[in-house]
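Not measured: the values here are computed from a predicted model. Reminder, nothing fancy here: chain letters follow the sequence lines and each chain counts from 1. All heavy atoms count here, side chains included; hydrogens, waters and symmetry mates do not.
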Amino acid sequence: MATPTMPPDPRGPRPRLLMCPPDHFGIEYEINPWMDVTQGSDAAIARRQWQALREAVVALGAEVELLEPAAGLPDLVFTANAGLVFRGLFLPSRFRFGVRQGESPLFERWAREHGFEVVPLPEGMYFEGAGDALFCGETLFAGYRFRSDVRGHQWVGERLGVSVLPLELVDPRFYHLDTCFCPIAPDAAIYYPGAFDEYGRSVIRDQVPRLAEVSAEEAASFSCNAVVVGRTVVLNRGAPKLAATLGAMGFDTRPLEFSEFIKSGGSAKCLTLRLDGEEAAAWKSSPAAG
Amino acid sequence: MAGQGHEHGPTSPAIAAPAARQAADEVEVRGHIVDSLLLPKILDRILQMGGSFEIRDCKIGMRRTDPSYARIGIRAESPEAIDAILADLVEHGASPVHPEDAKVVPADIAGAFPEGFYSTTNQQTQVRFKGRWIDVQDQEMDCGIVLDPAAGVARCVPMVRVVVGMPIVVGHAGVRVIPMERPRESTLFGFMSSNVSSEKPKSVSLRSVAEAVRSTRAAGKKVLLVGGPAIVHTGSAPHVAAMIREGWIQALFAGNALATHDIEQSLYGTSLGVSIERGEPIEHGHEHHLRAINAIRRAGGIRRAVESGLLTSGIMYECVRHDVDLVLAGSIRDDGPLPEVITDTLAAQDRMREAIRDVGFALLIATALHSIATGNLLPAWVKVVCVDINPATVTKLSDRGTFQTIGLVTDVEPFVRALAAELATAPAAG
């Protein structure tokens with residue numbers, strides 16, 4: 001533990017997040033419609049924005065673990081794509097694009113060193129971790145088409161013994177599930193309908209009782225890519241309508257600036273990996289199954 | 001003759017394009033495919049991409065974490081269309097089922113299949129050879145499949161034609177049957193869905209048969225008539241002759257009897273000694289039948305009799321004049337027989353096999369054994385209409401596997417007369 005001398009938190013175990021400082025962050029290739037190498041990003045602004053997120057989650061009671069940045073891996077900062085955490089298991093991502101595949105050994109080593117059992121996916125399946133696989137209640141919602149594939153998700157579902165519902169992503173701007181769907185409680189989620197086909201929309205509507213629907217405009221400002229700590233949703237500035245909806249649902253919002261990361265196709269959620277289970281994941285509060 | 005340079009009209013679904021041009025494959029999909037709507041989505045995509053599907057196996061998980069499983073047969077109009085559908089479905093988690101190649105054993109004795117041989121049906125069949133599904137040619141029920149590895153060609157072979165060393169498919173692995181597709185829209189044929197009944201509106205049935213004949217011709221396929229002697233006894237011969245003359249019939253299978261009675265009528269105006277005109281036996285009429293056969297034998301055969309001007313009317317006359325592919329198969333009770341009658345049963349079968357190629361529609365009228373023999377040779381995608389006063393004939397035909405038969409239990413003469421009249425309202429193309 002990072003702070004063994006502290007007395008136990010009366011609110012229960014503290015949320016733990018993995019983040020990676022943006023020391024080597026930049027737009028060095030284009031693997032999604034947001035990236036533009038000619039536009040680039042401002043390193044100083046990026047660092048300030050990242051720092052503000054870190055401070056915000058710590059202020060909300062979370063503990064932040066840090067991954068050592070590495071040169072040549074500009075997207076290592078997006079720790080949500082490291083893999084999927086389920087209790088003591090870590091399922092490392094198998095990136096579709098070669099430019100990100102170098103991240104996997106670093107994420108795996110970190111997980112192993114921090115006591116996780118690392119369970120690699122079989123060869124030939126793509127799976128981009130918590131970027132494309134999000135628990136809402138007992139169900140794992142999984143995005144496919146652009147990055148992860150359905151077979152990968154089915155394998156994960158079988159391995160974890162959970163129900164997995166693959167959702168096809170149809171808009172390349174929302175290439176990861178966490179860019180258009182964000183579980184905020186076991187029975188509640190934020191989502192942008194335009195990123196899914198009719199089947200995907202029906203699945204979400206059938207399975208998630210309380211939904212905060214995001215408009216196309218606010219979805220484009222990455223408001224679905226949010227970090228949830230307790231009842232607070234940390235998200236990109238520029239989503240007043242969503243903030244109002246979440247307020248009515250009993251959630252606080254903490255808008256921050258993520259402009260430099262959005263240039264790369266990521267925002268608050270992409271910059272974090274929840275190590276103890278997302279707030280919406282039922283497994284984090286249920287006893288471990290055999 | 002019809003068939004050349006005519007317009008290609010729309011093909012009636014009743015005689016939908018031979019399944020032999022279609023392609024098929026099978027995929028499996030597993031996981032939480034029901035709740036995630038992946039299964040309905042996959043099925044929808046198959047239809048959207050112009051294919052059709054059949055769920056061959058489906059196991060739904062009992063608890064919410066249990067995965068479900070479905071095995072789906074897919075069919076499309078070409079191998080390219082199948083490839084496109086498979087490529088799309090793989091994206092949604094479906095994976096092709098990879099079966100093994102068909103197993104082949106060389107025939108160890110002539111005229112018999114190796115033990116465990118695959119016994120064919122009349123449905124479109126494919127065998128897997130070097131990882132690819134190839135269509136079995138000359139599809140016929142109750143045969144074996146010979147697979148030529150050098151040419152990569154498979155075809156049905158009757159038992160009696162097996163020679164030593166012939167590579168014969170054994171077992172069921174690597175062999176699959178592509179079942180007939182049910183016509184999607186309702187057609188006149190769809191309406192006549194029970195395969196035998198005397199309680200169908202006859203005019204509707206009749207129009208359907210006429211329509212099937214027309215669309216078969218429009219599609220450039222042959223119409224086959226298989227007829228019994230009742231055609232002549234009942235006074236229907238002139239109507240059949242008219243249909244041949246007008247180009248509606250390209251092949252005719254019969255026995256010695258139909259040909260003999262037809263010729264007897266042409267030469268003497270009687271059928272088995274009974275005047276067709278007056279319906280009563282005439283004096284010494286019983287001799288006419290043998291005298292007719294004798295006259296044709298003396299002339300050197302039916303064709304020679306037509307050419308010499310001896311035979312000037314009737315079904316046989318029109319067959320010769322219009323180059324109808326005539327196959328007369330003999331039987332034990334034949335008088336004469338006429339010189340064209342093939343008395344070697346196996347040789348007759350082979351001639352019939354040759355003649356049914358390119359047949360798109362078969363009309364079986366008032367003959368049990370010739371109908372069943374023809375039914376055995378026809379692939380299931382050739383529509384068959386069987387007309388008989390005796391329901392048992394139609395039932396027998398279906399029971400012997402020619403399940404695609406539509407039966408009309410009716411008196412032959414009124415049916416043939418009305419059919420000829422209906423067809424005469426629009427001339428055959430060509």
Whether over 12 other heavy atoms sit under 6.0 Å from R210(A) CZ: yes

Positive for side chain to side chain contact (heavy atoms under 4.5 Å, CB included) with H32(B), one of V162(A), V164(A), T139(A): V164(A)

Heavy-atom neighbours of Q101(A) CD exceed 12 at 6.0 Å: yes

Chain A interface, residue from H92(B), E91(B), R63(B) that has the most non-hydrogen pairs under 4.5 Å: H92(B)

Q48(B) atom CD, over 12 foreign heavy atoms within 6.0 Å: yes

Heavy-atom side-chain contact between S36(B) and L167(A) under 4.5 Å: no

Most contacts with chain B, counted as non-hydrogen pairs under 4.5 angstrom, among S163(A), S202(A), G161(A): S163(A)

Residue-level contacts of residues 147-155 of chain A with chain B, using a heavy-atom cutoff under 4.5 Å: V150(A), R151(A), Q154(A)

D197(A), part contacting chain B, at a heavy-atom distance under 4.5 Å: side chain

Nearest non-hydrogen partners of Y199(A) and L37(B), listed with the distance: O-CD1, 3.5 Å

Atom CD of E30(A): over 12 foreign heavy atoms under 6.0 Å: yes

Test log, rule side chain to side chain contact (heavy atoms under 4.5 Å, CB included), inputs E168(A) and K41(B): CA-CA 10 Å; E168(A) 185 180 3; K41(B) 182 164 167 169; 2.8 Å; yes

Interchain contact, Q207(A) with chain B, by part (heavy-atom threshold 4.5 Å): side chain

